[in-house]
Each structure stands twice: as structure tokens, then as C-alpha cells.
Amino acid sequence: MLVSAPMSAPVRVRFAPSPTGYLHIGGARAALLNWLWARHTGGKFILRIEDTDQERSTEDAVRAILDGMRWLGLDWDEGPDVGGPFGPYFQMQRLGLYKEYAEKLVKAGKAYACYCSKEDLDAQRELAKAEKRQFIYPGTCRDLAYDPSRRHVIRFRLPKLLELTFTDLVKGAITRPGSTLQDEVIVRADGVPLYNFGAVVDDVTMEINLVARGDDHVNNTAVQVLLYEALGYPVPAFAHLPMILGADKTRLSKRHGATSVTAYRDMGFLPEAVVNYLVRLGWSHGDQEIFTMGELVKHFGFDHVGATASVFNPEKMVWVNQTWVKSLPPAELARRALPYYRAAGLEVEGDPRLPDVAKAYQERAKTLVDLVSQSRCYFAPVEMDPKAQEKFLGSDAAPILQAIRDGIAASAALDAAGLEKLFHDVAAARSLGLGKVAQPVRVALTGGTASPGIYDVILLLGREESLARLDAGLKLAGG
RNA sequence: GGCCCCUUCGUCUAGCGGUUAGGACGUCGGCCUCUCACGCCGAAAACAUGGGUUCAAGUCCCGUAGGGGUCACCA
């Protein structure tokens, strides 16, 4: 008989990564949705490290995952570093617990020792494959006497059943024929539990009442439901989140480019934007595209998580990021850009122009890296683009540069209105369009053809630097 | 191959029996303009397919096709 966890209990959800690599996009989304649900309901978000695969788990990966989550702003109420009442939160530190629960099952006849060798089982699998048969463990050791002195694993004794149905919050009812299930190994020969058992024991003991995870786990769920029952605990609610695919519609992987969240940090994405993009991949709230964390917490629910896998679209993520870059207060944007300036070798710390630079560039920068590279001319010598020079700093530019130079040198105080008058006067005196005046000046001042409004550029550079660069430009123009 | 899940513009999606099938990214055209952006206006672009149920189906049911996932002493 299935027992459902009472949903009136405070929500306890978890993210349980295995530390075999960095925090990837898919894991980040699973973590995010769990976190949002916990915050939405006022429940708890637990972080548990499933490090029972000793071959592949590393401490570096643990660090990378915690890093990624912190960067995204996903704080956990219980877990590594913060502890909690149901710890420890690393599975390898909970071995005694699994042993205890496994022994309970064995004593109750719900699990048994299996002495089959890996080699033997592999051979049986091969044979089945050759005969185009499905291999299901035949229960060879089901009724053997328990002999702890022989090397053995523990297998779950599958109850007789026609089929098993559980309800998924995003996919609805999912039914699995009992004939496709088998006596799964739940504890290895070395006493370390396997995923299906470790996760269930932990979810039970940590009082998790909603399990939201990638839908690559749907096929594990039937056995897990049976394990909850065998252990005598209520079954939690499940929400299986569709995969994130690459452009070729296969599961997102390294082949598809950057897949770690920290790679996006390094590329100059804002965490708000990554969160915003990831949540919209599969979840929606009407037509709204841009959400603050607060709005997400307010509106998020599994009822609007779609059941279909979605393709990761880097262009749209860039757009989301750009939208966020535009919306940050300039001083804040400047503060966020600091590490990226440093990474680019630019010493900008304490430069009072920073917020103004950010303001001038925030609607043209798609990322923080972009912001830095576009604005480096204020913090480093001009790097002249040869094509720009050839096109705009010819001999005909010399008198224009000279006129602007003289105008700036003669002006009492530099301001936008004065500069506008100067440029218009210079243009009018020669019957030129404003562009004919502004472009050579822009190239002389920035080294390129694209920049914010020319008056803003001059104001950012200041009188001395502007004059110096105009002089240098004059030299190049043969003036 | 068995089993499970999925199927609205190229992509992310709205839709929860009656809509000119809406929005967003991207694309294309135009406006704005000192460049680049931003912004604004406009265009092309979708219900995989075949049967049902119903007065009425993108919405419900079944089949087919396609896609994804999973079949370990990995998670």
C-alpha cells in the first residue's frame, strides 16, 4: 500500500549532486528549482553530497559545486559547511546508517546476500544480449543461507507485483510493469550503498518530502518507491525535470560548448541572468521573460514546469544577460565588473570614472567581459585599429581634429552642451554633416569606430587626455 | 532491442473544448541617429501524422512516426 507523505508538513527538498565534476547547467537548474520551491513555501533546502562513487568523486568537484551554487545565490539551509540536524551531509560519512537499514531489510527478509561474482553476471548479461533477451537477475541467491564470511552484495528482494504507479508532479502518473524490475543490488561488497539505496535512506532520514531531480531518474523511481515501502516510510512526492538538450537535441554535454556555470561566470554573465535564463527553460509565468529572484520565489511552482525537454539556446541567454546588464545601477555594474578589469590586466580600482563608464557602456555591452573590452581605452593607451585609422584619419581629417582640439583647449569648462555647440559649429563652418566631424575624433580618442556619444567620450577622458589623443591623431593624419 | 517519458513558429514558451493560435530570442525590413548600441514600428515563421469522442479539438482517447531517457557492485 502506498503511503503519501503528508503535504501539510513543511517542505523539505534537496539537491544531491555526485561530486564527479563541476556544477553543470542541468544540475544548476535542478538545484535552482528545488531552492525556489523551498523559498516559495518557506521550507528547507538541503544540500547533500552523494560521493559513494569513490572512483570518480573528488574534493575539487565538491568545491566546484559549492562555488557554483554560491555564485548563483543558492544558499542551503542544511549541508556542507553549514551543518544541520540531519547530518552529516556527505554519504561517505553515513555508512553506518546504510548498514543499519540494510541489516533491517535482511532481517525482515526484504533483502538478501548475493554471492554471484561480477564476472559471472557480466557473462550472463552478454549471453542474454547475444540471444536478444532482456537480462533480469534470476534470483540465484534469493534463498541461500546468509554467510557473512563470503564476499557478497546485498540485493533488494523485489515484492511480487503486476505493475507500479507513482504520481509525478510534472509528468503525471507513471506506470512501470513489474516484469521489468529486478532484485537490485543495494549495497556493494565493500559495504558502500548504491545510488537507489543511499538516496532513499538519506531522503527518509533527512525527512525529504519532495524529490525534484532530472528525469534521467524516472526509471529509478519505481524501485525507490518499493524501498520506501519496505523500509516502512511514506513515499515523498516526485517531480522529474526534463533534460536540457544541445542544439542537436541530444543531452547537453561538453560537445555543446560551455556547460559549467562557472564558465558562464568567467564569460561575464551575471548570476541573475543565468538564473533567469535557466528557470525559463521549462518553466513559465505567462508571457514574462525577465524575473528578479524575488519574483521567482513568489511565482515559482512545479505546476508550470513543462514536461518536454528543452534546447539550450546561448543567444537567448546572452539577450537575458544584456537585459540584466542594462538594468543594473551603474555603480553596481561597475562594482561587478571590477574582477573582469583585473583579469584583463587593467588597474581601475578606485577610479572615480568607473560608474560613468559603466553608464555609458551598459546598453552596448552584452557581458561584463564585453564591457571591459569595450571600455579599456579609458584605462589604457589607445590601441589604434589600422582600418579605422586608414578610413578616418586621412589628411582631410587634420583640419577637423585641429579645430576640435583648439575648441576644447579654449573652453573654460568641459560640458556636454559646450561640446555639442563646438561640434556643430565646426561642422557648419565646413558645411559637413556631424558624422564627418565626430568619426575622426572618435577614432583619435578611442582607436576605433564604435563608442558611446562623442561628447560622453570626451567627458570621460577629460581635457588633458582628450587633447593628448587629438594631438596624436593629428600626427597620424599628417597634420 | 525491452521499458519509461515527450511532441505548438528554427529555439524558449502561452494556451488548460469555441482564440484572427499570443509573447520572447533569433532572422529580415524600416524609423531614430555623430559611430556602435539602445529604443520604436513592421514582416516571415508553429499546433508531427492518422483515426476516433464532441455541435465544436492545439486542447480528451487510441494508433503511427519522430525525439529523448534508462536498462551497472555509476549517479
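Reminder, nothing fancy here: chain letters follow the sequence lines and each chain counts from 1. Every value quoted in this text rests on a predicted model; they were computed, and no experiment measured them.
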Scanning all shown strands, the Watson-Crick or wobble mate of B:G1 with both distances under 3.5 Å is B:C71
If you look at every strand shown and take non-hydrogen atoms under 4.0 Å, does A:Val185 touch a base, only sugar-phosphate, or nothing? sugar-phosphate
Under 4.0 Å between a Lys/Arg side-chain N and an Asp/Glu carboxylate O for A:Arg251 and A:Asp216? yes
Listing request: all ring pair (Phe, Tyr, Trp, His ring centres under 6.0 Å) pairs with a residue in residues 356-377 of chain A, at least two apart in sequence or in separate chains. A:Tyr361-A:Tyr378
Between A:Lys316 and A:Glu289, does any NZ, NE, NH1 or NH2 come within less than 4.0 Å of an OD or OE carboxylate oxygen? yes
Across the strands shown, which category fits A:Ser310 at heavy-atom distances under 4.0 angstrom: base, sugar-phosphate, nothing? sugar-phosphate
Inter-nucleotide P distance (B:G18, B:A57), Å rounded: 11 Å
Which label fits A:His285 and A:Trp283: parallel for a plane angle under 30°, tilted from 30 to 60°, or perpendicular past 60°? parallel
Sugar-phosphate, base or nothing in reach of A:Gly433, heavy atoms under 4.0 Å: nothing
Base, sugar-phosphate, or nothing: which does A:Ser451 touch, judged by heavy atoms less than 4.0 Å apart? base
Which residue lies toward the 5' end of RNA chain B, A:Gln322 or A:Val218, if each is placed at its nearest nucleotide? A:Val218
Name every residue in residues 50-65 of chain A that has at least one heavy atom under 4.0 Å from any atom of RNA chain B, in order of residue number, or write none if there are no such residues. A:Glu50, A:Thr52, A:Asp53, A:Arg56
Taking atom C1' in both B:C38 and B:U20, what distance in whole Å separates the two? 32 Å
Provide the start and end nucleotides, 5' to 3', of the part of RNA chain B that has atoms under 4.0 Å from heavy atoms of chain A. B:G1 to B:A75
Using the side chain to side chain donor-acceptor pair (under 3.5 Å) rule, take A:Asn321 and A:Tyr264 through it: C-alpha gap first, then chi angles, then the decisive distance, then the call. CA-CA 11 Å; A:Asn321 196 59; A:Tyr264 287 95; over 6 Å; no
Please give the distance between the C1' atoms of B:U64 and B:C6 as a whole number of Å. 15 Å
So what does A:Ala189 touch, heavy atoms closer than 4.0 Å: a base, only the sugar-phosphate, or nothing? base
How is A:Thr175 classified with respect to the nucleic acid when contacts are heavy atoms under 4.0 Å: base, sugar-phosphate, or nothing? sugar-phosphate
Which residue lies more 5' along RNA chain B, comparing A:Leu121 with A:Arg29 via nearest heavy atoms: A:Arg29
Please measure how far the C1' atom in B:U13 lies from the corresponding atom in B:G58, and state the result in whole Å. 14 Å
Can you check the distance between B:G23 and B:G15, where both ends of the measurement are the P atom (answer in whole Å)? 15 Å
Between A:Tyr137 and A:Phe135 (judged by ring centroids, cut-off 6.0 Å), do the two rings come close enough to count as a pair? no
Sugar-phosphate only, base, or nothing, as touched by A:Ile174 at under 4.0 Å among non-hydrogen atoms: sugar-phosphate
For B:G42, give the paired nucleotide (Watson-Crick: N1-N3 plus N6-O4 or O6-N4; G-U: N1-O2 and O6-N3; both under 3.5 Å), or none. B:C28
Does any pair with a residue in residues 184-197 of chain A pass side chain to side chain donor-acceptor pair (under 3.5 Å), and if so which ones, sequence neighbours excluded? A:Tyr195-A:Arg213, A:Tyr195-A:His217, A:Asn196-A:Gln224
NA contact type, A:Arg442, heavy-atom cut-off 4.0 Å: base, sugar-phosphate, or nothing? base
Sugar-phosphate only, base, or nothing, as touched by A:Pro452 at under 4.0 Å among non-hydrogen atoms: base
Can you tell if the side chain of A:Leu459 reaches within under 4.5 Å of the side chain of A:Leu419, non-hydrogen atoms only? yes
Looking across every strand, which nucleic acid part, if any, lies under 4.0 Å from A:Asn220 by heavy atom: base, sugar-phosphate, or nothing? base
Using distance alone, with no hydrogens and no angle criterion, decide if A:Gln439 and A:Arg442 have a side-chain donor and acceptor under 3.5 Å apart. yes
Whether A:Asp203 and A:Arg48 form a salt bridge (side-chain N of Lys/Arg under 4.0 Å from carboxylate O of Asp/Glu) is what I want to check. yes
Regarding A:His240, tell me which of base, sugar-phosphate or nothing describes its non-hydrogen contacts under 4.0 Å with the strands shown. nothing
Under 4.0 Å, heavy atom to any atom of RNA chain B: which of residues 241-255 of chain A qualify? A:Lys249, A:Thr250, A:Arg251
Mind checking what makes side chain to side chain contact (heavy atoms under 4.5 Å, CB included) contact with A:Asp396, not counting sequence neighbours? none
Considering only atom C1', compute the distance from B:A21 to B:C74 and round it to an integer number of Å. 45 Å
Only pairs with both distances under 3.5 Å count, Watson-Crick or wobble alike; so what is the partner of B:G50 in this structure? B:C62
Taking atom C1' in both B:C61 and B:A43, compute the distance separating them and give it to the nearest angstrom. 39 Å
Counting the atoms with a prime plus P, OP1 and OP2 as sugar-phosphate, which does A:Gln134 contact under 4.0 Å by heavy atoms, base, sugar-phosphate, or nothing? base
For B:A46 versus B:U8, give the span between their P atoms, rounded off to a whole number of Å. 14 Å
Do A:Arg63 and A:Asp60 meet the salt-bridge criterion of a basic N to acidic O distance under 4.0 Å? yes
Have a look at A:Tyr455 and say if it touches a base, only the backbone sugar-phosphate, or nothing, with a 4.0 Å heavy-atom cut-off. base
Does one side chain, of A:Tyr115 or A:Asp147, offer a donor that lies under 3.5 Å from an acceptor on the other? no
Classify the side-chain pair A:Asn313/A:Tyr277 by whether it contains a donor and acceptor separated by less than 3.5 Å. no
Does B:G17 pair with anything, Watson-Crick or G-U wobble, both distances under 3.5 Å, and if so, with which nucleotide? none
Sugar-phosphate only, base, or nothing, as touched by A:Lys326 at under 4.0 Å among non-hydrogen atoms: sugar-phosphate
